[in-house]
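Worksheet: the structure to be examined is printed underneath.
Scope of the values below: all heavy atoms of this structure, side chains included, with no hydrogens, waters or symmetry mates. Chain naming here is simple, since letters A, B, ... match the order of the sequence lines and numbering starts at 1 in each. For clarity, every value in this text was computed on a predicted model and none was experimentally measured.
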Amino acid sequence: MRTSQFPLATLREVPSDAAITSHQLMLRAGLIRRLASGLYTWLPLGLKVLRKVEAIVREEMNAAGGLELLMPTVQPAELWQETERWEKYGPELLRFKDRHENTFCYGPTHEEVITDLVRNEISSYKSLPVNYYQIQTKFRDEIRPRFGVMRAREFLMKDAYSFHTSEECLAKTYDKMHATYCNIFTRLGLNFRPVQADTGSIGGNASHEFHVLADAGEDAIAFSTEGDFAANVELAAGTELTTTKTASGESLSKVATPNAKSIPDVSSFLNIAAEHCLKTLLVTGTEHDAVALVLRGDHELNTIKAEKHPLIAAPLTLVSDTVIQSVVGCEAGSIGPIGLDIPVIADLATNNMVDFTCGANETGQHHQNANWHTDATPTETADLRNVVEGDPSPDGKGTIKIARGIEVGHIFQLGTNYSEKMNATVNDESGRPATLTMGCYGIGVSRVVAAAIEQHHDDNGILWPTSMAPFEVVIVPINLQKSHRLQEAVEKLYTELKGLKIDVLLDDRKARPGVMFSDMELIGIPHRVVLSDRGLDAEQVEYKGRTDSDTTDIPLKGIVSHIQQQLG
RNA sequence: CGGGGCGUAGCGCAGCUUGGUAGCGCACUUGACUGGGGGUCAAGUGGUCGCAGGUUCAAAUCCUGCCGUCCCGACCA
């Protein structure tokens, strides 16, 4: 391709509404343009990248036995009513009516459509398992679209759905998809981690998210410094913490803590580290007006873990000040576990604490030198907190580190959630209907592009992994218009590279070298060959890899094989 | 949904306080010079100043309403 026929749309200035690097670079490099909030046009250069990602995903899915199909973006409300998601999904689901007043939605995902297809098309266990996938536009009416295509409302997704008659069979496909995803992200040249994840609203058994590690990531990932353990912080198991301290034997004492309403207040007022304080939160219970949750002062409550506890009502709700007054008889800042007659669930990390400080259940009063069992005994202990860096890893290997990640893939074992509601069955060996067991597997194709840039860029622009670069090589001639000899050499090289199926761009603009260099670095082409009259005098060309600090002179005769070598 | 910011040429911005001919840089067009890291000179193109209403002799500027867009928040004991 030639720049004269493939116009670049690079911008020198950064559009003011782009907050993160990948969004800025995607606009500046001319990959995308915004149409409206959360809606983006992919320009030719950007589309080339998107198609390369798609191609890798497609190849690997096909290699793993996936069958590609294409479902409509618009879906009838009736299907969503069957699974009750029409009510549950909320305003993220874009709903509308056609001219006949029939109700539809724009699909944010396709479980209903694929299950409907399979229940109609597949009637025997002999046809299973199957794994259908599509690469298709989705729409989710996000509360707050942001960061360009990273969290857009309309986006490109690969979604796959597998059907089975047994959990074992599902687990097999699930493992295969896990391995396939690892292949895909490895081929894409990304630094990623598969992590254990919450199954969330979709439900089901096992679930893994695939995260590209990058500081701009919206999720926090906890992983072991030594073992393979990796989990979303939402899910990472907290453990008991060991301590070398033993109780001093001093007895419980009460101190006045006027106006100290928070752990930072109390710890600075009494000059005690937050980790030696307890914080006590009252939340609505399933059987009680209030349930006390006790955490170490410097720890945060993990909502997802708490909601799973049978005594705690979901969604998690902190009780009102009125309830605190009637149950405890003090203000919110002075609650403690001592003498409470409601269930007290203590986080595991508080187990080994000694001589701690906690609210005295009287406004403006705290206890010091409190100890479990002598002063208070929790109804039970449970894992309630977010893990923090330095915690022991739950697999016993090393400690926890926390990094930011961008979720680019998510796989679930759905089980029979959808098939039961939609009555999707096949005849089993005995001729009786068996409810289908399902898995689903998604990759955010457009988000992968943004994530790759977030992970691979420098001050001059994008550093594409070769597998998704819009072009593999660019030829930059200096003063092309002025030399016939140069034109001939450039055309010869261009033709030769094209003949070798190398994706090559020839910058034949009548632009100054600085402009061409800057543009090519901005759009991130991994390999650059500069040809000039001066170089031809010495039968040499100049090569520079996008991440190389210096250029290398290469004999003209050897440049093709040098590039082939670089491309591996 | 709550709070805040911004809307003036394709992009980045000034002008608004104190009402009076719509401006700058980049980009774009033409020409000349230039030619290895975003050139120089000259001449140009391009605007319903987000929309609607109001105040006024006169509104980008003041007032009211609406719309769009971006950012922050939705864990405090």
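- Side-chain proximity of A:K510 to the nucleotides B:G35, B:G36, B:C71 is greatest for B:G35.
- When distances are taken from the side chain of A:E13 to each of B:C70, B:G36, B:G25, the shortest belongs to B:G25.
- When the nucleotides B:G37, B:C72, B:U69 are ranked by their closest atom to the side chain of A:A36, B:U69 comes out on top.
- Summarising the local packing, CG of A:N352 is surrounded by more than 12 heavy atoms from other residues, nucleotides or ligands at distances under 6.0 Å.
- Nearest to the side-chain atoms of A:R512 among the listed nucleotides B:G38, B:U34, B:G36 stands B:U34.
- As rounded to the nearest Å, B:C72 and B:U64 have C1' atoms that lie 28 Å from one another.
- The side chain of A:P15 lies closest to B:G12, out of B:G37, B:G12, B:G35.
- Atom P of B:G12 sits at a distance of 27 Å from the matching atom of B:G3, rounded to the whole Å.
- The number of heavy atoms from other shown groups lying within 6.0 Å of CG (A:D289) does not exceed 12.
- Taking a 6.0 Å sphere around CD of A:Q325, one finds it holds more than 12 heavy atoms contributed by other residues, nucleotides or ligands.
- Taking 3.5 Å as the limit, the base of B:G38 and the side chain of A:D519 contain a donor-acceptor pair of atoms between them.
- Across B:C75, B:C71, B:U69, the shortest atom-to-atom separation from the side chain of A:T303 is found for B:C75.
- Considering all non-hydrogen atoms of both residues, A:N302 and A:L235 come closest at ND2-N, 4.4 Å.
- Here the separation of B:A32 from B:G36, taken at their C1' atoms, is 23 Å to the nearest Å.
- Contact annotation for A:I324: base contact, defined as any heavy-atom pair under 4.0 Å involving a base atom.
- Only the C1' atoms considered, B:A59 is 14 Å distant from B:U8, to the nearest whole Å.
- The separation of B:C24 from B:A42, taken at their P atoms, amounts to 14 Å, rounded to a whole angstrom.
- As the counterpart of B:G25, B:C11 is assigned, both hydrogen-bonding distances of the Watson-Crick or G-U wobble pattern falling under 3.5 Å.
- Residue A:I478 has its side chain nearest to B:G36 when only B:G36, B:C70, B:G38 are considered.
- As rounded to the nearest Å, B:U34 and B:G7 have C1' atoms that lie 40 Å from one another.
- Counting atom types as modelled, A:R12 pairs no side-chain N or O with a base atom of B:G10 as donor and acceptor under 3.5 Å.
- Residue A:E542 places its side chain closer to B:G36 than to any other of B:C70, B:G36, B:G12.
- Remark: the separation of the P atoms in B:G10 and B:G50 is 13 Å, to the nearest Å.
- A cation-pi geometry, defined here as NZ or CZ lying under 6.0 Å from the six-membered ring centre and within 45° of its normal, holds between A:R95 and A:W86.
- The side chain of A:V515 has B:G38 as its nearest neighbour among B:C70, B:G38, B:A74.
- B:A22 and B:G65 have their P atoms separated by 29 Å, with the value rounded to a whole Å.
- When each of A:R144 and A:K544 is assigned the nucleotide of RNA chain B with its nearest heavy atom, A:K544 is the one assigned upstream, toward the 5' end.
- Judged by distance alone with a 3.5 Å cut-off, no donor-acceptor contact links the side chain of A:R34 to the base of B:U69.
- At a cut-off of 3.5 angstrom, the base of B:G12 holds no donor-acceptor pair with the side chain of A:S16.
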